[in-house]
Structures are given as C-alpha cells and as structure tokens.
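One-based numbering, in listed order, for ligands and for the atoms of each.
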Amino acid sequence: MPKITTGSATGTDCHAQPVVALVIPCYNEEVTLPICIPVLCSILDDMSAAGVASADSFILCVDDGSRDATWHVIERMHRRDVRVKGIRLAHNAGQQNALYAGLMSVRGRCDAAVTIDADLQDSPQAIASMVEKYGRGFDIVYGVRSSRDSDTWFKRTSARAFYRVQLLLGLNTVYDHSEFRLMDARAIDMLAEYGEHNLYIRGIMPHIGLRSTKVYYERAPRAAGETKYSLTKLISVSVDGITSFSARPMRLIFYTGLILLLCDIAVIVWVLVSYLGGEAISGWSSIMLSLWLLASLLLIAVGVVGEYIGKIFKEVKRRPRYAIAEALL
Ligand code: UDP
Ligand code: MG
C-alpha cells in the first residue's frame, strides 16, 4: 500500500512532499566537500522541482573529528545555503558512530534520511529513485553496487571474501551494499533502540526487518582525496562487524577443540605403540609440528575469546559513542 507522506517533520502542510535529510559522514574531507555539497544541493533542487521531495529537505554533514579544515568548509557552505547543516564531533569516533550521530540528529526533523559518503563514490543520482521507493511504501532502501570496477583488485577480492565469511558465520547483510541507504523515520526510531556500543549499522538494518528494497548504482572512483580506511582500520571494522553480530566464531573454536581431542586420542595410541616398539626417539618432527599447530590454535582461540571479552568490557562501561562539540542546525 502506498505510504502517505505527511510532511510531519516540518509540520507545514499535511500533504507536503517528504522532507529528506542527506547525512554525510566526513573525516578529513576538506577537498571533497566543495565538490560534493553543490552536487547534493542540485539533487535536492531537482527532487523538489520534480515534486519528489519537500523544499525543506536538507543536508547534514557530520564532521567526524577531522584534523583538516573540514569544519570550516561546512561553516562556509552553511553561510551560503542554510540547507547545509553540520555537527562536529569532538573526536574521531569512526564512520559508524558518525553516521549514528547524524541519524540521531535528524531524527524527528525529516521523513526519511539518506546516508551517503562525502566522496561521491555512491551515485547521488540514485537518491531520487530511493525517495521514490520510499514513497511506494518501503522503510529501508539499500544502495547496491552493480559492479566493483572502480575498486582496486585487493579491495574487490577482500570485500567479496568478507561477505562470504559473514554469511558463513550467520551474519545477514546485503551483498555489495555499504552505507548508502535510505531509512525512513520508523527505521531511524528503531535504530535508536539498538543500544550496543559496537555499532554495525549494515548488520542492524536487515535485523530490524522492516519493508526494504534495493536500488542499483555504479560505484564511481573517489571524487577527490584519499580513502580514510587504512588496511588495519578495514580489518578492524570487519572483525567488529562479525563479532558484534555472531557468537559463531566462539562455537567454531569449541568444535575445533573437540575435533583436536579426537585427534589427540589417535596421537596417544600412536605414541604408546611407538614407545612399546622401542621407536620413541623417532618422533621429533611430529612433536615439533603438533607443538606449533596447537600453540597457534590456542593463541587464535584465546584471541577470539579476548575479542568478545573486550566487547563486553566496552559495553558495560556504557560510555557515550560520540560527543557533539558544535552544531549548525
Ligand atoms: N569516514 C568517517 N570517519 C572515519 C573514516 C571515514 O566519517 O573515521 C567517512 C569518510 O569521510 C567518507 C566515508 O566515511 O565520507 C567513507 O570513507 P572512505 O571513502 O574513505 O572509505 P572507502 O570508500 O575507501 O571504503
Ligand atoms: Mg569512499
């Protein structure tokens, strides 16, 4: 059934077009924002002229504790066009927390929010299709890459491997979707209910289970600047994603232990037979091999358990996910 957009976010006209907020996480994006903001403003203009979105629609830049002039760029853009709004986080809280901070700031001020990266890798032209799908009753619209040609071979291969591992471990995410997505007010309200410190919004969205659909787009190369994800940051986000949603790695370790125990029985029999046969000394190589194998398995096991204990530690502290230092709303 088609959704009736009430324009409740602004309370102006009960038959108004939806107020759409574009939420952009920005970390050291001083060179990218002057390219990105005008493009997104013209998308808002086009949507408002076409009657797809309200003229009150706006952009919210979340400065994620940048060390360059990102905040000054946002201030300058805000002075030029009041539809450009911003919040500045006091420290670099990471893209997930920046997105969450942005979504919580636009909560109650818009009918739908679209999260989009600052580097124009996500196609701004797909925003209108997302809003159109929202108008047809979908609560969540995922932006899905139709190809990964613009990514490096390494990024493409590691991303595909990561999706496979996620699936294997029981984590339900949308294939080839990152953070380019539309969420309506209901989805944002539900996201607010997820109290975990270790956020993985990409995993939470399918978990919420509202009506969702996809919009396909070609992923472009970065408009300017460098990626903000180093290899270590990428691995850290991936490990966080999996361990925030699945306890299966711990279970796998337990099963591996069980299998090793069975192997141990065979080893005990073999050692006894060798001993009784007077060949005890000729076991050096196998002992060395099993020593190394077991030691590494033990370390991995301890590491995985430690990862979960670390997560529990962070959750029980209940620290705020981010701090807003300044706001231009
Ligand atoms: N970003 C952020 N905080 C961070 C790292 C990245 O807000 O700690 C933002 C960044 O400014 C960009 C988006 O997240 O708008 C995606 O980052 P990037 O384009 O560097 O990632 P990639 O596309 O290379 O995976
Ligand atoms: Mg990017």
Quiz item: What do we get for N92 next to ligand 1 when only non-hydrogen atoms under 4.0 Å count, side chain, backbone, both or neither?
Solution: side chain

Quiz item: At what distance is the nearest protein heavy atom to atom 4 (C) of ligand 1, and which residue and atom is it?
Solution: D64 OD2, 3.5 Å

Self-check item: Residue selection (non-hydrogen contact nearest atom 16 (C) of ligand 1) among D117, T152, I24
Solution: D117

Quiz prompt | Shared hydrophobic cluster for Y200 and V165 (ILVMFWY, side-chain gaps under 4.5 Å) | solution = yes

Practice problem: Anything under 30° is parallel, anything over 60° is perpendicular, the rest tilted; go ahead and classify Y142 against H177. | Solution: perpendicular

Self-check item: Close side-chain approach of I259 and T256, heavy atoms under 4.5 Å
Solution: no

Exercise. Considering heavy atoms of the protein only, find what lies nearest to atom 17 (O) of ligand 1 and give residue, atom and distance to 0.1 Å.
Key: Y229 CE1, 3.7 Å

Self-check item: Closest candidate by heavy atom, reference atom 14 (O) of ligand 1, pool Q95, R219, Q121
Solution: Q95

Practice problem: Measure the distance from atom 15 (O) of ligand 1 to every protein heavy atom, then report the residue, atom name and distance (to 0.1 Å) of the closest one. | Solution: P25 O, 2.7 Å

Quiz item: Under 3.5 Å between some N or O of ligand 1 and some N or O of K228?
Solution: yes

Self-check item: Taking atom 11 (O) of ligand 1 as the reference point, the nearest protein heavy atom with its distance
Solution: E29 OE2, 2.6 Å

Exercise. Quick one: report the N, O or S atom of D119 that is nearest to the Mg ion (ligand 2).
Key: OD2

Quiz item: Is there a side-chain contact between R145 and E218 (heavy atoms, below 4.5 Å)?
Solution: no

Quiz prompt | Option whose closest heavy atom lies nearest to atom 8 (O) of ligand 1, chosen from K155, K233, Q96 | solution = K233

Quiz item: Where on D119 is there a heavy atom closer than 4.0 Å to ligand 1, on the side chain, on the backbone, on both, or on neither?
Solution: side chain

